[in-house]
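The structure appears right after this line, and notes come after that.
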Amino acid sequence: MKILVINTGSSSLKYQLFEMGAAKPYPLASGLAERIGDSLGILTHKKDPGEATEKKLVKETPLPDHATALRLAMDLMTGSEAGVIKDASEIAAVGHRVVHGGEHFHDSTLITDSVIEAIKHCVPLAPLHNPPNLTGILTAKAIFESTPQVAVFDTAFHQSMAPEVYLYALPYECYADKGVRRYGFHGTSHWYVAKEAAAFLGKPLAEVNLITLHLGNGSSITAVKNGKSMDTSMGLTPLAGVIMGTRCGDIDPAIIFYLARESGLSTDQLDDMLNKKSGFKGICGSNDLRDIHKRADEGDARSKLALDMFAYRNKKYIGSYMAALGRVDAIVFTAGIGENDTQARAATCAGLENMGVVMDPALNASPERGIRRISAEKSPVAVLVAPTNEELEIANQTLAVLKKKG
Ligand code: ADP
């Protein structure tokens, strides 16, 4: 059985076609259409991605809208050059990444007209993400007609948080009337690596307590209790929590009023500053950790400071989630930084030895890929690196919804 996964941004469309029938599902093809709506778009398509037989095609052509991009992707998936299927009828279902499901969705769901309405209802909560996600859904519905479509929400995994965890201490009406609360994001990734970690530890998911660190361009940390999200660092929006590429993470909210009064910045300018000009970029001018390490090694004090701030903030989250969870089986690193950055992992866990976290520097530095342990054998809390795969998780969840539907 084949499942197509679609992740739509405002000017981009990512896709992966999975073969789900094998013992371990694998991608038959993947692709990225960029600059949709510009005078010239570009679609990069790969057959057998990541395999020795990989074949890459790059098409530069106008992509006026998402429908044109998806049709071109289908032409490539069914074409003679790098095709993998005969026609669209081989696709059993389409899984869509949807960023915000608000309080409507605790799980992935089959897309119906009322589901589309509910996703629209969540647009004010994710004005940059939900509209393109909806475009992807409507485009795929038009192209695939009766093929089942499934929505997989970034927020759904965190719907298990309790009110004392998700509520802000604001007038209660802010929550009751406007839905202001912690929702959390990266749920698909946190859930995927939590399952991977449980399997690696040889325990049922429902019995593991974990702290999962998704550290990429956007970063979030989640406390997983008995396999469910108990707390997470992002909030109403993905701006909260740890230090990110260009986002500030947690700050004193009064800084916003202070800057508005003292610098005369407008709401939009402040929004832009906190989301796009802060984080690593704001502190040291770069938002790529590889670059920041290089500059720090060359003696750049701001780059060193940014790295120290990042590790310190991560450590504080780990400590607070250890207190919230009471018992922790493993700390799990994932995403671009979490999977690749030996130094960031070491700095984040340094000094936690008395809390039961003892790293093994050689294992941490090992170039091995795949899920692995990087803590010392005697460490009461295991530290793992677990590569994430959000597309595969969306495909798995799409399949689970299909099976439930019968
Ligand atoms: P996104 O949030 O966009 O999905 P990723 O999870 O791909 O981001 O992470 C991207 C970030 O990962 C980059 O900005 C870079 O800082 C970091 N990164 C990627 N590879 C490495 C590496 N080898 N060493 C250190 N950092 C890395």
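Note that ligands are numbered from 1 as they come in the structure, with each ligand's atoms numbered from 1 the same way.
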Notebook entry, point to check: So which protein heavy atom does atom 24 (N) of ligand 1 come closest to, and at what separation?
Noted result: R290 CG, 3.5 Å
Item checked: Protein residue, atom and distance nearest to atom 17 (C) of ligand 1, heavy-atom basis -> I337 CG1, 3.5 Å
Item checked: Protein contact to atom 26 (N) of ligand 1 [nearest heavy atom, distance to 0.1 Å] -> L289 CB, 3.6 Å
Item checked: Polar proximity ligand 1 side, H293 side, N/O cut 3.5 Å exclusive -> no
Note to self: Against ligand 1, does G218 come closer than 4.0 Å with any heavy atom?
What the structure shows: yes
Note to self: Tell me whether the rings of F185 and H100 are parallel (<30°), tilted (30 to 60°) or perpendicular (>60°).
What the structure shows: perpendicular
Notebook entry, point to check: In this structure, which one of K195, R97, H190 forms a side chain to side chain donor-acceptor pair (under 3.5 Å) with E393?
Noted result: K195
Check: For ligand 1, does N287 get within less than 4.0 Å through its side chain, its backbone, both, or neither, judged by non-hydrogen atoms?
Finding: backbone
Item checked: Distance from atom 15 (C) of ligand 1 to nearest protein heavy atom, with residue and atom -> D288 OD1, 3.6 Å
Item checked: H104 and H121 aromatic ring geometry - parallel, tilted or perpendicular at 30°/60° bounds -> perpendicular
Next item on the list: Please write down residue, atom name and distance for the protein heavy atom closest to atom 23 (N) of ligand 1.
Entry: N340 CB, 3.3 Å
Next item on the list: Name the option, out of A335, S220, G338, G336, that contains the heavy atom nearest to atom 5 (P) of ligand 1.
Entry: G336
Next item on the list: Using the six-membered ring of F310, assess whether NZ or CZ of R313 lies under 6.0 Å from its centre and within 45 degrees of the ring axis.
Entry: no
Item checked: atom 2 (O) of ligand 1 - nearest protein heavy atom and its distance -> N217 N, 3.0 Å
Next item on the list: Please test N7 against H96 for side-chain hydrogen bond (donor to acceptor under 3.5 Å, both in side chains), starting from the C-alpha separation and ending with a verdict.
Entry: CA-CA 6 Å; N7 182 354; H96 294 268; over 6 Å; no
Checklist line | Separation between CE of M273 and CG of L259, rounded to the nearest 0.5 Å | finding: 5.0 Å
Item checked: Any donor-acceptor N/O pair, E19 side chain to G21 backbone, under 3.5 Å -> yes
